[in-house]
2 protein chains.
Amino acid sequence: MATRTDAPTRREQILKEAARLFAERGFHGVGVDEIGAAVGISGPGLYRHFAGKDAMLAELLVGISGRLLTGARRRLEEAGGVSAPEAVLDSLIEGHIDFALDDRPLITLHDRELDRLRDTDRKLVRQLQRQYVELWVGVVRELYPELAEPAARSAVHSVFGLLNSTPHLTRPGSLPGRAGTAELLHRMARGAFAAAGSR
Amino acid sequence: MATRTDAPTRREQILKEAARLFAERGFHGVGVDEIGAAVGISGPGLYRHFAGKDAMLAELLVGISGRLLTGARRRLEEAGGVSAPEAVLDSLIEGHIDFALDDRPLITLHDRELDRLRDTDRKLVRQLQRQYVELWVGVVRELYPELAEPAARSAVHSVFGLLNSTPHLTRPGSLPGRAGTAELLHRMARGAFAAAGSR
DNA sequence: CAGGGAGGTTAGCGGTCGTTAACCTGGAGG
DNA sequence: CCTCCAGGTTAACGACCGCTAACCTCCCTG
């Protein structure tokens, strides 16, 4: 994994703060002045970097969906073919958990502010999300062949709900650290799939 | 269960439509004129029934949290003592699923628009939610005594995430009907808890 | 049958918000 | 050293939105 070491671009600062604010108070609940203030510039200065407030949300959501899908495809081809479907599923779960734990604001936005996008952007995000889901569905059905496709798809959505619950586990110190949380979530996801796949 | 047969109050109509609209486009994304239009009156007519837009959201959220907690307490004392903890947990899961399937907009609002409330209302809702969670935690720990309390609480939150994923299963016709969905969610929730509780 | 309140209506005020316009400035390049 | 542009600034506009004011109209009741 190529870890970034150079300083973040101003654009990246803005996106990061915008994501945090959008997740905290909702897209309509945040003003451009607040986003600007969060990165040390004021209001209209943002328009040197983005066409508008909508454009920030669009870039965030497309970016999230794209990164999720790309990561899942990489994991699939890295572990696919050479491994049992259990290992592939474990890898997918691990990737999603990493994402949910490291980018909570983005995970929150991901299924909350989709309808605020322009038609064209929303369709793109929906398409990326759908591909991501179908990729999971394929792996799950390989592991639990007796699971019908609609049920498998519902199960995948539900497990996403489970994994994306991390923003609600916000109380720091109460839970057994990042590693412990990740392991707990992982076990629960596997348990949920196993229960869904048992007839 | 005492089923309502009389016509819904105008207040109830408003609350129902407001819940739907808030869930669809977010609290700040919906204008009072839209809410009014959804019940056939226009804009300011709402103020004959509510003190303001905030008051509608507050009544919705307090109502949800209260009904969830009340229902859970009733189920606990109906099934508690006379039944094994498994039966109690099943009853809690069933109640939550009924709620998630029958009142999707409310379930969506429940963890999405809490921060838009006035301090006093938000504290009340948080308190009700916390009591609901703790009630689950108690039952879960009774069933899986080896599960530490923080882990049990995380597990409960995660299962809520799983059960509350129903708004994402919106495609009608794709899933095997309400009963099938309920049963699938139930099995997955039990599987997730079992996996969390296994050392 | 008078009267009054419940439940509407439209007009409009005041504040907020996204966006644009016009201007400024420091630093890199010829 | 001049120039120019990237990246800021403040002012202000126009739209929208929550809410109030003022008014209207049934319908129920004494």
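Every chain is numbered from 1, with letters handed out A, B, ... down the list of sequences. Worth saying up front: this structure is predicted, and the values here are computed from it rather than measured.
- Using a 4.0 Å cut-off, some side-chain N or O of B/R10 falls inside it from OP1 or OP2 of C/dG8.
- Atom CZ of B/R74 sits in a crowded spot, with more than 12 heavy atoms from other residues, nucleotides or ligands closer than 6.0 Å.
- Separating the CZ atom of A/F50 from the C1' atom of C/dT20 is a distance of 19 Å, rounded to the nearest angstrom.
- At D/dG8, one or more side-chain N or O atoms of A/H49 fall inside 4.0 Å of OP1 or OP2 (strictly under the cut-off).
- To the nearest angstrom, P of D/dC17 lies 17 Å from CG of B/L57.
- Atom C1' of nucleotide D/dA12 and atom CG of A/D33 are separated by 13 Å, given to the nearest angstrom.
- Contact annotation for A/G43: no contact, since no heavy-atom pair falls under 4.0 Å across all strands.
- Nucleotide D/dC17 holds its P atom 10 Å from the NE2 atom of A/H28, rounded to whole Å.
- Side-chain contact of B/H110 with B/N164: a donor-acceptor pair under 3.5 Å is absent, judged by distance alone.
- Interatomic distance, A/F27 CZ to A/L117 CG, rounded to the nearest 0.5 Å: 8.0 Å.
- When each of B/A51 and A/S42 is assigned the nucleotide of DNA chain D with its nearest heavy atom, A/S42 is the one assigned upstream, toward the 5' end.
- Put simply, A/R48 has no side-chain N or O that comes within less than 4.0 Å of OP1 or OP2 on D/dT9.
- Distance A/R116 CZ to C/dG18 P: 14 Å, rounded to the nearest Å.
- At a threshold of 4.0 angstrom between heavy atoms, the contacts of B/V30 are confined to the sugar-phosphate backbone, with no base atom among them.
- A cation-pi geometry, defined here as NZ or CZ lying under 6.0 Å from the six-membered ring centre and within 45° of its normal, does not hold between B/R67 and B/F99.
- One interatomic measurement links the two molecules: CG of A/L46 to C1' of C/dT19, which rounds to 11 Å at whole-angstrom precision.
- Looking at heavy-atom distances under 4.0 Å, B/G45 makes contact with a base.
- Residues A/L184 and B/A155 share a closest heavy-atom pair of CD2-N, 4.2 Å.
- Set against D/dG8, D/dC19, C/dG18, the side chain of A/V32 has C/dG18 as its closest nucleotide.
- Relative to the side chain of B/P44, the nucleotides C/dG18, D/dT10, D/dC19 differ in distance, and D/dC19 lies closest.
- Taking atom CZ on B/R118 and atom P on D/dG18, their separation rounds to 17 Å, with Å as the unit.
- Atom OH of A/Y47 is separated from atom P of D/dT9 by 14 Å (rounded to the nearest Å).
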